[in-house]
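So the structure is just underneath, and the comments pick up after that.
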Amino acid sequence: MLVLLPPSEGKTPAPDGAAPVDLATLSSPALTAHRAQVLDALAAASARPDAHDVLGTTPGLADEVRRNTSLRTAPAGSAADVYTGVLYGAADLAGALASGGEAARRAREDVRVVSALWGALSPADRVPAYRLSMAVDLPGVGKLATAWRPHLAPVLDERAAGDVVVDCRSATYVGAWKPAASGPRAANWVAVRVVREHAGKRTVVSHNAKHTRGVLAGHLLRRPAASPSSADGLLDAAGELVGTVIGTEVGSGLSYRLLETTLHDATTRNGPRTLELVIA
């Protein structure tokens with residue numbers, strides 16, 4: 001399996017004194033040259049008077065934008081620790097890495113965070129906290145989803161070939177790479193959708209969807225059975241969570257369970273199948 005995650009919007013800086021990023025040590029070394037180009041372009045854009053307009057940020061994020069100007073020397077930590085938020089809290093990638101054994105191996109090798117700055121990262125890769133969205137048109141690089149596409153394709157196509165891709169990304173990040181639908185590098189592409197059932201109606205949810213995707217990712221890393229390699233195998237693995245309490249509602253404090261898992265066919269010729277997780 002290959003589990004694809006979006007980066008968290010907010011990030012936790014590594015402790016002062018930690019060693020800075022070493023591009024040569026990051027996974028997928030074929031991406032190093034483009035990573036360096038984006039890194040330098042981000043530093044230049046973040047130093048501009050109109051940096052907030054260029055990066056699509058608000059003045060309240062001035063400190064984070066300023067931090068972008070010195071990322072080569074900023075302290076770096078594992079991506080599993082730097083990326084934070086609902087999804088990452090539920091998946092607990094840092095805990096999986098620290099546990100050793102099969103869960104740690106799966107976290108290192110079977111999970112990739114698709115990033116506007118780094119392209120694709122293993123949770124074990126060491127990077128600094130930064131602020132950059134894949135939706136940005138970065139001066140000197142261009143629209144990031146488009147700019148990353150030719151670099152990510154050979155790297156991720158090779159990794160995904162013949163395997164199941166568990167896609168937890170948002171549409172903006174899907175634009176940077178889509179699994180091949182046919183040919184020798186074809187993959188079983190499955191997007192994860194979460195809906196809530198209430199009073200007989202099913203609606204798309206946001207906060208709970210991120211949490212539920214994180215729970216699924218964490219389960220896929222820690223379950224004792226072999227990793228799924230097909231869409232049907234993924235459905236079976238997700239079904240192991242049916243009936244369990246997987247989260248708590250923000251505000252109300254009420255818990256919610258996974259009620260049902262369903263695998264839907266693709267709606268377009270080269271699009272993904274959809275794993276629908278129903279919570280209530």
Side-chain angles (χ1 to χ4, degrees), residues 3-29 31-32 34-47 51-52 55-101 103-134 136 138 144 168 173 207 210-211 213-215 217-218 221-222 250:
V3 180
L4 297 181
L5 302 179
S8 60
E9 187 172 352
K11 302 171 184 72
T12 300
D16 291 341
V21 63
D22 181 352
L23 297 183
T25 67
L26 299 182
S27 58
S28 303
L31 302 177
T32 300
H34 196 63
R35 285 167 172 158
Q37 181 185 355
V38 177
L39 185 60
D40 291 341
L42 175 60
S46 299
H52 292 299
L55 300 180
T57 58
T58 63
L61 297 174
D63 288 343
E64 294 187 31
V65 171
R66 190 177 304 112
R67 188 168 58 209
N68 284 345
T69 64
S70 56
L71 293 179
R72 285 186 179 271
T73 58
S78 72
D81 289 317
V82 170
Y83 291 115
T84 53
V86 176
L87 187 154
Y88 285 87
D92 188 17
L93 301 179
L97 288 172
S99 68
R105 186 202 65 76
R106 289 176 182 174
R108 287 193 305 270
E109 300 179 10
D110 298 343
V111 177
R112 288 296 178 267
V113 181
V114 177
S115 162
L117 176 54
W118 313 109
L121 290 173
S122 162
D125 285 334
R126 296 182 65 262
V127 293
Y130 64 95
R131 173 66 68 159
L132 182 64
S133 167
M134 190 68 84
V136 168
L138 189 64
L144 287 168
C168 297
Y173 288 85
H207 176 92
K210 293 178 182 178
H211 179 87
R213 291 189 184 103
V215 170
L221 297 182
R222 295 174 174 85
V250 174

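The shortest distance between side-chain heavy atoms of Leu121 and Tyr83 falls below 4.5 Å. At least one side-chain heavy atom of Leu55 sits less than 4.5 Å from a side-chain heavy atom of Leu138. Within the 4.5 Å cutoff, no side-chain heavy atoms of Leu42 are placed close to those of Arg131. Between Leu26 and Val127 the shortest side-chain heavy-atom distance falls below 4.5 Å. Using a 4.5 Å heavy-atom cutoff, the side chains of Ser28 and Arg35 are in contact. In this structure, Trp118 and Leu23 have side chains that are in contact, with non-hydrogen atoms separated by less than 4.5 Å. Two residues are said to be in side-chain contact when any heavy atoms from C-beta on lie closer than 4.5 Å; Leu87 and Pro6 meet this criterion. With contacts defined as side-chain heavy-atom distances shorter than 4.5 Å, the pair Leu39/Tyr130 does not qualify.
Distance check, rounded to the nearest 0.5 Å: CG of Asp110 to CG of Leu4 gives 11.0 Å. Note that CG of Asp125 is 7.0 Å distant from OG1 of Thr25, once rounded to the nearest 0.5 Å. Taking CG of Leu117 as the start and CG of Asn68 as the end, the distance is 8.0 Å to the nearest 0.5 Å. Rounding to the nearest 0.5 angstrom, the gap separating the CD atom in Glu64 from the OG1 atom in Thr58 is 9.0 Å. Distance CG/Asp22 to CZ/Arg72: 10.5 Å, rounded to 0.5 Å.
In plain terms, the two heavy atoms of His211 and Ala90 that are nearest each other are O-CB, 3.4 Å. The minimum heavy-atom distance linking Ala217 with Ala91 is given by the pair CB-CB, 4.3 Å. Shown here for Gly77 and Val82, the closest heavy-atom pair between the two residues is O-CG2, 3.7 Å. The heavy-atom pair separating Ser133 from Tyr173 by the smallest distance is CA-OH, 3.8 Å. The minimum heavy-atom distance between Ser78 and Ala124, with the atom names listed, is CB-O, 4.3 Å. Of all heavy-atom pairs spanning Arg112 and Ser122, the tightest one is NH1-CB, 3.4 Å.
Between Ser46 and the choices Thr69, Leu132, Thr57, Leu71, the side-chain contact (heavy atoms from CB on, under 4.5 Å) rule is met once, by Thr69.
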Between Tyr88 and Val113, is the side chain to side chain contact (heavy atoms under 4.5 Å, CB included) condition met? List the steps. CA-CA 11 Å; Tyr88 285 87; Val113 181; 3.4 Å; yes
Apply side chain to side chain contact (heavy atoms under 4.5 Å, CB included) to residues Asp92 and Leu221 and explain how you reach the verdict. CA-CA 10 Å; Asp92 188 17; Leu221 297 182; over 6 Å; no
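For Lys11, the NZ atom sits in a packed shell: over 12 heavy atoms of surrounding residues, nucleotides or ligands are nearer than 6.0 Å.
Listed for the Ser8 side chain is a donor-acceptor partner under 3.5 Å among the backbone atoms of Thr84. A donor-acceptor pair is defined here as one N or O able to donate and one able to accept, closer than 3.5 Å; such a pair exists between the side chain of Arg126 and the backbone of Ala19.
Partners of Asp16 according to the salt bridge (charged side-chain N to carboxylate O under 4.0 Å, His left out) rule, which considers only residues two or more places apart in sequence or in another chain, do not exist here.
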